Amino acid sequence: MKEKEPFVVDGYSFESKAEWEETKKEEESIRYIRAKTNLSDTETAYKMYCGLVQKKTFITPVGINFLMQLRAGLLRAGKTEEEIPGVPVILPRKKGKRAESFSQEVESKNRMMADYYRDKLRNSRIVVAFLAVVIGVMFLITMFGPNSPFVDAEIKLQDKYAAWEQDIREREDAVRARERELGITGNAADPLQETEE
């Protein structure tokens, strides 16, 4: 057998005893209004409805249901939608606070969270920009610094040409020494032609 829920009024189940007690008070007020007021009289029902709506007397589902029944009766009695004010609905309570303060609290928290994440996003963009600059500088240092591959290749190329130049000079010196030994002068345009003569 199903266990009876502890906080039920008129088929509505409530999470807290405070909500349940408030609903019970509204239910007793509704009983009193039905007993003491002639709701079949349209003008009396209209005045009662407008007073309850204006004062926001009923905020629980039971009270709102009663107001909706009154409203439907007034519409059936010939009142128009424009004449009858709407039923005010207040969101459920959160830890004993009315919905207005609850929504303000939620909005405040949302603003705080938005500010927090906006700051985090700004900070992360700054860090990313800084790291991009550091990486760019490191790349430039690597490419154009004293130990870069380009500098190494240039040094190797210079060494290679220096070695060739040294080799050529040594050969020229050897050729000139041989020419002196043979008595060939260095004024000739083509050294091969002189040797052939």
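In this text, all values refer to a predicted model and were calculated from it rather than measured experimentally.
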If the threshold is 4.0 Å, N to carboxylate O, is there a salt bridge linking Lys24 and Glu28? no
Going through the distances and angles, do Lys120 and Tyr116 end up as a side chain to side chain contact (heavy atoms under 4.5 Å, CB included)? CA-CA 6 Å; Lys120 274 190 109 40; Tyr116 172 76; 3.5 Å; yes
If I take atom CD1 from residue Ile33 and atom CZ from residue Phe58, how far apart are they, to the nearest 0.5 angstrom? 4.0 Å
So CG of Leu131 and CD1 of Ile126: to nearest 0.5 Å the spacing works out to 12.0 Å
Joint cluster assignment, Ile184 & Val175, ILVMFWY side-chain distance < 4.5 Å: no
Is there a side chain to side chain contact (heavy atoms under 4.5 Å, CB included) between Asp173 and Glu170 once you walk through the steps? CA-CA 5 Å; Asp173 290 343; Glu170 288 174 0; 5.7 Å; no
Please round to the nearest 0.5 Å and tell me the distance separating atom CZ of Phe66 and atom CG of Leu70. 4.0 Å
In the hydrophobic clustering (ILVMFWY, side-chain contacts below 4.5 Å, transitive), which residues join Tyr161, or is it alone? Leu157, Trp164
Residues Asp115, Arg118: salt bridge by 4.0 Å N-O rule: yes
Counting only heavy atoms from other residues, nucleotides and ligands, does the tally under 6.0 Å from CD of Gln54 exceed 12? no
Could Arg171 and Asp167 be called an ion pair, given the rule that one side-chain N must be under 4.0 Å from one carboxylate O? yes
Nearest atoms (heavy-atom pairs only) where Ile30 meets Gly63: CD1-CA, 3.9 Å
Between Lys156 and Asp159, is the salt bridge (charged side-chain N to carboxylate O under 4.0 Å, His left out) condition met? List the steps. CA-CA 5 Å; Lys156 286 180 184 176; Asp159 290 346; over 6 Å; no
Between Ala45 and Leu39, which heavy-atom pair has the shortest distance, and what is it? CB-O, 3.5 Å
Are the side chain of Tyr46 and the backbone of Ile84 linked by a donor-acceptor contact shorter than 3.5 Å? no
Taking the basic N atoms (NZ, or NE/NH1/NH2) and the acidic carboxylate oxygens, is any pair closer than 4.0 Å for Glu181 and Arg178? yes
For residues 39-49, pull every pair meeting salt bridge (charged side-chain N to carboxylate O under 4.0 Å, His left out), keeping only residues two or more places apart or in separate chains. Glu43-Lys79
According to the salt bridge (charged side-chain N to carboxylate O under 4.0 Å, His left out) rule, which pairs have a member within residues 57-77, sequence neighbours left out? Arg71-Glu81
How far apart are the closest heavy atoms of Glu26 and Ile59, and which atoms are they? OE2-N, 2.9 Å
Separation of Thr80 OG1 from Leu74 CG (nearest 0.5 Å): 10.5 Å
Value for CD (Glu172) from CD (Glu179), rounded to nearest 0.5 Å, stands at 10.0 Å
Straight-line distance of Gln158 CD to Glu165 CD, nearest 0.5 Å: 11.5 Å
